[in-house]
Amino acid sequence: MKKIYKSLLIFFFIFLVLVSYLSIFGIETDKFNKPISNKIKSINNGINVEFRKINLVLNPFTLRLKIKTVGSKIQSQNQIIEIESIKTQISLRSLFGDNSPIENMEISTKSIELKNLISFLRSLKNSPELFILE
C-alpha cells in the first residue's frame with residue numbers, strides 16, 4: 001500500500017512539473033511545418049509557405065494550445081509577403097474529436113504597400129474587383 005501511494009505521488013509530481021513547464025516555456029518545434037505547407041498547397045498549388053520554428057504553449061485552465069510562429073514568408077509566383085507573426089489557439093478536445101481544431105487565426109504582416117498587397121491577392125485569385133483596385 002505504501003508503494004502505491006509513493007508511485008502515485010511521484011506520478012502526480014512528474015505530471016505537475018510537465019504541465020508547469022509546458023505552460024511557462026512551451027515547446028519549440030518544426031514538425032508541423034511540412035504538413036501545414038502541404039495542406040496550403042493542396043488548397044492552392046501556387047502558394048509556397050516558409051515557416052520558422054513553431055512555439056507551442058499550454059494553457060491548462062482552458063485546455064488550449066497557443067501556437068505562434070515568427071518570421072514566416074508566403075510566396076505566390078514572384079510576389080513575396082513577409083509575415084511578422086501567426087498566432088492561433090487549438091482546443092485539446094478538438095484534437096481528439098471531429099471538430100476543426102483551429103478556431104481563430106491572427107496573421108500580422110510586416111509593412112507592405114497596398115499596391116503590392118493587391119498584386120499578391122491577384123496572383124492568388126484574379127477577380128475584376130482586384131483588377132479595378134490595382
Side-chain angles (χ1 to χ4, degrees):
M1 199 65 161
K2 201 174 190 183
K3 290 182 181 183
I4 293 174
Y5 287 131
K6 193 174 185 179
S7 298
L8 285 175
L9 185 62
I10 290 172
F11 175 75
F12 181 72
F13 180 72
I14 290 172
F15 179 76
L16 186 65
V17 168
L18 181 65
V19 169
S20 298
Y21 180 81
L22 291 175
S23 300
I24 296 169
F25 302 109
I27 297 174
E28 199 170 277
T29 183
D30 58 357
K31 292 188 181 211
F32 297 110
N33 294 0
K34 192 75 168 171
I36 293 171
S37 296
N38 290 340
K39 182 70 173 176
I40 291 172
K41 282 190 178 190
S42 72
I43 294 170
N44 188 337
N45 197 23
I47 298 176
N48 186 20
V49 182
E50 294 177 27
F51 291 110
R52 303 242 174 144
K53 295 219 181 240
I54 295 174
N55 190 17
L56 304 170
V57 177
L58 175 68
N59 186 344
F61 301 112
T62 60
L63 295 176
R64 296 183 184 276
L65 282 176
K66 293 180 183 179
I67 301 172
K68 181 179 179 182
T69 183
V70 178
S72 302
K73 293 181 183 179
I74 299 176
Q75 181 178 1
S76 175
Q77 295 173 357
N78 60 355
Q79 302 286 329
I80 296 176
I81 300 278
E82 292 187 23
I83 304 295
E84 199 169 290
S85 69
I86 300 173
K87 299 177 190 176
T88 189
Q89 291 186 9
I90 295 178
S91 171
L92 292 178
R93 291 182 200 141
S94 69
L95 289 176
F96 302 110
D98 294 335
N99 302 355
S100 175
I102 297 177
E103 295 175 2
N104 57 1
M105 185 178 289
E106 184 178 310
I107 300 173
S108 61
T109 63
K110 294 183 178 179
S111 297
I112 56 174
E113 293 181 11
L114 186 57
K115 181 180 178 182
N116 294 341
L117 177 63
I118 294 171
S119 296
F120 180 77
L121 293 174
R122 276 196 66 209
S123 69
L124 298 177
K125 181 181 179 188
N126 199 4
S127 68
E129 294 88 1
L130 291 174
F131 179 74
I132 291 171
L133 275 174
E134 190 175 30

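Values below: all heavy atoms of this structure, side chains included; hydrogens, waters and symmetry mates excluded.
The side chain to side chain contact (heavy atoms under 4.5 Å, CB included) search around Leu8 returns Ile4, not counting sequence neighbours. Residues passing the salt bridge (charged side-chain N to carboxylate O under 4.0 Å, His left out) test with Glu82, sequence neighbours excluded: Lys110. Partners of Ser111 according to the side chain to side chain donor-acceptor pair (under 3.5 Å) rule, which considers only residues two or more places apart in sequence or in another chain, do not exist here.
No continuous path of hydrophobic side-chain contacts links Val70 to Val49 [ILVMFWY only; heavy atoms under 4.5 Å]. Both Phe51 and Ile27 belong to a common hydrophobic cluster when Ile, Leu, Val, Met, Phe, Trp and Tyr are linked at side-chain heavy-atom distances under 4.5 angstrom.
In this structure, Val57 shares a hydrophobic cluster with no other residue, the cluster being traced through Ile, Leu, Val, Met, Phe, Trp and Tyr side chains under 4.5 angstrom apart. Through ILVMFWY side-chain contacts below 4.5 Å, Phe11 is grouped with nothing and stands alone. Think of Ile14 as one node in a network of Ile, Leu, Val, Met, Phe, Trp and Tyr side chains linked at under 4.5 Å; its network also takes in Ile10.
Atom CD1 of Ile83 sits about 6.0 Å away from atom CD1 of Ile107, to the nearest 0.5 Å. Here CD1 of Ile54 is found 13.0 Å from NZ of Lys68. Values are rounded to the nearest 0.5 Å. In this structure, the separation between CD1 on Ile90 and CG on Leu56 is 8.0 Å, given to the nearest 0.5 Å. Going from atom NZ of Lys73 over to atom CD1 of Ile81 covers 12.0 Å, rounded to the nearest 0.5 Å.
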Under 3.5 Å, sequence neighbours excluded: what are the donor-acceptor pairs made by side chains of residues 15-26?
unit_1: Ser20; atom_1: OG; unit_2: Leu16; atom_2: O; d: 2.8
unit_1: Ser23; atom_1: OG; unit_2: Val19; atom_2: O; d: 2.8
unit_1: Ser23; atom_1: OG; unit_2: Leu58; atom_2: O; d: 3.4

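Applying the side chain to side chain donor-acceptor pair (under 3.5 Å) test to every pair with at least one member in residues 47-59, sequence neighbours left out, gives these pairs: Asn59-Thr62.
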